[in-house]
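A quick note: this is a predicted structure, and the numbers were derived from the prediction, not measured.
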Amino acid sequence: MNEEQASENRQLQDEEMMALEAIFPEAFERDTTSTNAFKYTLNLDEDEPDLRSPRKVVLRFFLPPTYPNQDMPVYELSSIYCGTKKIDDAMLDEIDAGFQSLFHPTEVVLFEWISWLRDYLEDQVEKQTNEDHNESADPLAQSMEQLNGAETGHSKDSEETVFDYNPEDYVYKKPVHDLPEDQDEDEAHDRPTVRSLMQPNKYHTEAAPPIFTSEALVDRKSSFVAHVATVHTVHEVKVVVSHLLQNKKIAKATHNILAYRITMPDGKVLQDNDDDGESAAGGRLSHLMQILEVENVVVVVTRWFGGIHLGPDRFKDINNVARTALDACGYIKDKHVRGNGSSNNNKHKKSNKK
């Protein structure tokens with residue numbers, strides 16, 4: 001590794017640490033015991049602060065000078081249990097395989113590791129809960145379970161499982177029995193990613209909803225453009241992204257950051273994002289959409305790198321151009337104005353089918 005690569009690694013590491021400290025201000029911290037060492041506390045029960053025994057694990061990692069250009073971070077899962085679920089050797093092997101599959105040389109990976117680990121552990125805890133329930137099928141155990149449920153105010157019927165989680169491809173899947181008969185299971189389940197949709201596919205042959213393309217935001221020779229469209233299914237997200245990637249200029253851009261939010265018929269929100277190599281950008285864009293409470297919309301922010309590193313300012317540019325596009329299309333509700341009868345479709349002033 002030459003000095004130029006070492007300098008680039010240091011810059012990428014510094015930017016990644018700043019992003020993680022901004023995204024996880026309470027959970028992410030620098031480890032004072034060693035240089036380039038950090039600690040992330042993953043709490044699956046962070047929304048229930050009053051629990052006596054929350055499901056927590058601590059992920060410690062060290063960034064070698066060769067990261068991310070050559071090597072991935074050195075990590076240690078220092079927790080033995082996640083709640084009542086023991087993290088055994090088999091789970092550690094699965095976690096290691098998952099982390100290795102996510103790492104691509106020259107690309108920072110810690111945000112993806114943290115997101116994957118959260119989903120994986122949630123799946124494992126749920127599996128244990130189901131196994132424990134099956135083992136307690138005798139009448140006495142069932143009576144005790146009902147008694148405990150009555151004391152705590154919770155019952156089995158009060159919980160609804162909307163999504164299943166597959167740790168092999170870390171995507172949410174709707175239960176098969178909920179799919180329409182004429183809908184292909186693979187199409188309904190696969191997570192939309194920009195890279196996967198660059199491959200030959202059939203989505204670009206389908207009619208896409210109107211796609212709004214914003215004016216370019218230029219910052220130190222880097223250009224940012226937001227594309228926005230109304231979607232109601234993950235399938236439509238794929239169609240929109242595939243149509244955009246038919247434009248060679250968009251397909252060859254440095255990054256195409258993707259995020260979407262879809263309100264399901266039961267009121268729950270289906271959302272996901274893809275960084276496309278711009279670490280933490282997808283999560284920040286998704287967080288912006290949550291704050292704005294936009295619904296049934298996909299946003300793709302295209303960035304063409306101009307040769308000058310922008311540091312954390314690039315996240316501001318991505319979110320600013322996305323917010324401007326969402327506002328121009330009428331997705332941002334003005335809570336101070338009543339009786340606004342305008343619809344999203346009426347405000348698509350500029351559409352561009354790629």
Find the distance between [atom1] ([X]) and [atom2] ([Y]) and round it off to the nearest 0.5 Å.
X	Y	atom1	atom2	answer
Glu295	Gln271	CD	CD	11.5 Å
Ile211	Cys329	CD1	SG	11.0 Å
Asn43	Glu26	CG	CD	10.5 Å
Gln246	Ile250	CD	CD1	10.5 Å
Gln124	Leu44	CD	CG	11.5 Å
Glu94	Asp123	CD	CG	9.0 Å

Any link between [X] and [Y] through a network of hydrophobic side chains (Ile, Leu, Val, Met, Phe, Trp, Tyr) touching at under 4.5 Å?
X	Y	result
Phe103	Leu59	yes
Met18	Leu63	no
Met264	Val234	yes
Met198	Val300	yes
Ile114	Met17	yes

Would you name the heavy atoms of [X] and [Y] that are closest together and state the gap between them?
X	Y	answer
Tyr260	Met289	CA-CE, 3.9 Å
Val194	Leu245	O-CD1, 3.7 Å
Ala280	Phe315	C-CE2, 4.2 Å
Asn9	Pro65	ND2-O, 2.9 Å
Leu285	Asn319	CA-OD1, 3.6 Å
Gln70	Gln5	NE2-OE1, 4.3 Å

Taking [Y]'s backbone N and O only, do any of them form a donor-acceptor pair with [X]'s side chain (distance below 3.5 Å, no angle check)?
X	Y	answer
Ser7	Glu3	no
Thr324	Val321	no
Ser286	Gly282	no
Asp71	Thr66	no
Asp275	Gly277	no
Tyr331	Thr230	yes
Arg60	Lys39	no
Glu16	Ser279	no
Asp96	Leu92	no
Ser214	Ala226	yes

Are any non-hydrogen side-chain atoms of [X] and [Y] less than 4.5 angstrom apart?
X	Y	answer
Leu121	Val57	yes
Val228	Val298	no
Leu310	Asp317	yes
Ser222	Arg303	yes
Ile291	His287	yes
Ser196	Thr193	yes
Ile318	Glu278	yes
Leu326	Val297	yes

Exceeds 12 heavy-atom contacts within 6.0 angstrom, atom CZ of Arg323
no
Taking the basic N atoms (NZ, or NE/NH1/NH2) and the acidic carboxylate oxygens, is any pair closer than 4.0 Å for [X] and [Y]?
X	Y	answer
Arg261	Glu293	no
Asp313	Arg220	yes
Arg10	Glu4	no

Distance alone, cut at 3.5 Å: any donor-acceptor contact between the side chains of Thr302 and His227?
yes
Side chains of Asn69 and Thr106: donor-acceptor distance under 3.5 Å anywhere?
no
Passes side chain to side chain contact (heavy atoms under 4.5 Å, CB included), Glu107 versus Glu112? Steps please.
CA-CA 11 Å; Glu107 298 179 7; Glu112 284 79 7; over 6 Å; no
Do Tyr203 and His235 pass the ring pair (Phe, Tyr, Trp, His ring centres under 6.0 Å) test, and can you show the C-alpha distance, the side-chain angles, and the key distance before you say yes or no?
CA-CA 8 Å; Tyr203 299 108; His235 183 94; 5.3 Å; yes
Go through the steps to decide whether Glu122 and Arg55 satisfy the test side chain to side chain contact (heavy atoms under 4.5 Å, CB included), and finish with yes or no.
CA-CA 9 Å; Glu122 285 179 343; Arg55 297 169 296 171; 5.6 Å; no
Using a 6.0 Å distance limit plus a 45 degree cone around the ring axis, check whether Lys252 lies over the aromatic ring of Trp304.
no
Does Leu20 form a side chain to side chain contact (heavy atoms under 4.5 Å, CB included) with Phe111? I'd like the steps, not just the answer.
CA-CA 7 Å; Leu20 291 175; Phe111 181 82; 4.2 Å; yes
Where does the angle between the aromatic ring planes of Tyr120 and Trp116 fall among parallel (under 30°), tilted (30 to 60°) and perpendicular (over 60°)?
parallel
Partner of Tyr75 by ring pair (Phe, Tyr, Trp, His ring centres under 6.0 Å), out of Phe61, Phe62, Phe38, Trp113
Trp113
Before giving the answer on side chain to side chain contact (heavy atoms under 4.5 Å, CB included), spell out for Val231 and Ile262 the whole-Å C-alpha distance, their side-chain angles and the decisive distance to 0.1 Å.
CA-CA 7 Å; Val231 292; Ile262 299 172; 4.2 Å; yes
